[in-house]
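First comes the structure, then the notes that go with it.
Small disclaimer: the values here were computed from a predicted structure and weren't measured. Read the numbers this way: they start at 1 and go in the same order the structure lists the ligands and their atoms.
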Amino acid sequence: MCLCLGPQGSGKTLLLKRLQNQEIIDITSNPTPTVGINLAKIKLNDEPYTEITVREVGGSMAPIWKNYFNGTSEIMYVVDTSNLCQIAAAGTMLYGILADPLLKRARILLVLTKMDVSYRQMRNEALLMLQMARLKKELGREITVLEASAMTGEGAEEIIEWLRGKKKAKSNANKSA
Ligand SMILES: Nc1nc2c(ncn2[C@@H]2O[C@H](COP(=O)(O)OP(=O)(O)OP(=O)(O)O)[C@@H](O)[C@H]2O)c(=O)[nH]1
Ligand SMILES: [Mg+2]
């Protein structure tokens, strides 16, 4: 199961909507904060049976995110790039996730979203504030970083590509087993 986490209002629900429906997204209706969980089925390609379910746990549930770690093989961590005030807190939450033994083998994707209302330099600032370079070195594990916008659809293909990687990895593992 892929778990989608990130601070309140960072853009998880709208991003998942965009991944579900790349063409049409109603930007006039604001998503309401997710109280509890939100399951999003995302098509990986046009063939049948190539859907995966991503489970978003709302930012207001952060104190109990860890209840959902068991059985999680991917983490999609969504950060609002336009809100640098929130980044330090987002980083602290991310460290907590990465330190959890249940997620030792999980693949990690960091999504810098709301790029439509951020300037490019903010991406670098965000990565600096998250201490990403240090984190990658200390953890010694891969963290994929992608820029996105649920409004414009930027990054959607890349995120789906990352989710597809999961499928490939799984079927390869099955073959070698
Ligand atoms: N400009 C812009 N606004 C966005 C984008 N993604 C989300 N938003 C807005 O940000 C607000 C919060 O979005 P949500 O998707 O509900 O955030 P969330 O991370 O699911 O929040 P919780 O469920 O409370 O954890 C909404 O008003 C969205 O319209 C984006 O890519 N660009
Ligand atoms: Mg939500």
What atoms in ligand 1 come closer than 4.0 Å to a heavy atom of [X]?
{"X": "G58", "result": "25 (O)"}
{"X": "A150", "result": "6 (N), 30 (C), 31 (O)"}
{"X": "T34", "result": "22 (P), 23 (O), 24 (O)"}
{"X": "G59", "result": "22 (P), 25 (O)"}
{"X": "V117", "result": "1 (N)"}
{"X": "T113", "result": "31 (O)"}

When only distance counts, is [X] in polar contact with ligand 1, meaning an N/O pair under 3.5 Å?
{"X": "T32", "answer": "no"}
{"X": "P33", "answer": "no"}
{"X": "G9", "answer": "yes"}
{"X": "K12", "answer": "yes"}
{"X": "A148", "answer": "no"}
{"X": "K114", "answer": "yes"}
{"X": "L14", "answer": "yes"}

Can you tell me the protein heavy atom closest to [atom] and the distance?
{"atom": "atom 32 (N) of ligand 1", "value": "D116 OD1, 2.7 Å"}
{"atom": "atom 28 (C) of ligand 1", "value": "P31 CD, 3.8 Å"}
{"atom": "atom 13 (O) of ligand 1", "value": "G11 CA, 3.8 Å"}
{"atom": "atom 29 (O) of ligand 1", "value": "N30 OD1, 3.0 Å"}

| said: Can you tell me which residue among R134, R141, K136 is in a side chain to side chain donor-acceptor pair (under 3.5 Å) with E138? | reply: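 Considering R134, R141, K136, a side chain to side chain donor-acceptor pair (under 3.5 Å) with E138 is found only for R134.
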| task | Quick one: pull up OG in S73 and CG in L103 and give me the separation to the nearest 0.5 Å. | result | 10.0 Å
| query | Which atom, among the N/O/S set of E56, is closest to the Mg ion (ligand 2)? | reply | OE2
| Side-chain heavy atoms under 4.5 angstrom apart, residues restricted to Ile, Leu, Val, Met, Phe, Trp, Tyr: same cluster for Y77 and I64? | yes
| said: Hydrophobic cluster membership, with links at side-chain heavy-atom distances under 4.5 Å among I/L/V/M/F/W/Y: are L16 and V111 in one? | reply: yes
| field | Degrees at the Mg ion (ligand 2) between the OG1 atom of T34 and the OG1 atom of T13, nearest 10° | value | 90°
| Above 12 or not: heavy atoms from other molecules or residues under 6.0 Å from CG of N70? | no
| task | Start with the C-alpha gap between L84 and M122, add the side-chain angles, then the distance that decides, and say whether side chain to side chain contact (heavy atoms under 4.5 Å, CB included) holds. | result | CA-CA 8 Å; L84 289 181; M122 274 166 102; 4.2 Å; yes
| query | Where is the tightest heavy-atom contact between L44 and I160, given as atom of each residue plus distance? | reply |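 Closest approach of L44 to I160: O-CG2, 3.8 Å.
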| request: Please report the closest heavy-atom contact between Q20 and A40, naming both atoms and the distance. | output: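 Nearest heavy atoms, Q20 then A40: NE2-CA, 3.7 Å.
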| query | Within less than 4.0 angstrom of ligand 1, does E56 place any heavy atom? | reply |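 Heavy atoms of E56 do come under 4.0 Å of ligand 1.
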| said: Evaluate L98 against I143 for side chain to side chain contact (heavy atoms under 4.5 Å, CB included), listing each step before the verdict. | reply: CA-CA 10 Å; L98 295 174; I143 301 177; 4.2 Å; yes
| task | Could you walk me through whether E56 and T13 pass the side chain to side chain donor-acceptor pair (under 3.5 Å) test, one step at a time? | result | CA-CA 7 Å; E56 174 199 351; T13 302; 2.7 Å; yes
| message | For the backbone of V78 and the side chain of S10, can you confirm whether one donor and one acceptor N or O come within less than 3.5 Å of each other? | response | yes
| message | Walk me through whether M76 and L146 qualify under side chain to side chain contact (heavy atoms under 4.5 Å, CB included). | response | CA-CA 10 Å; M76 188 194 292; L146 292 174; over 6 Å; no
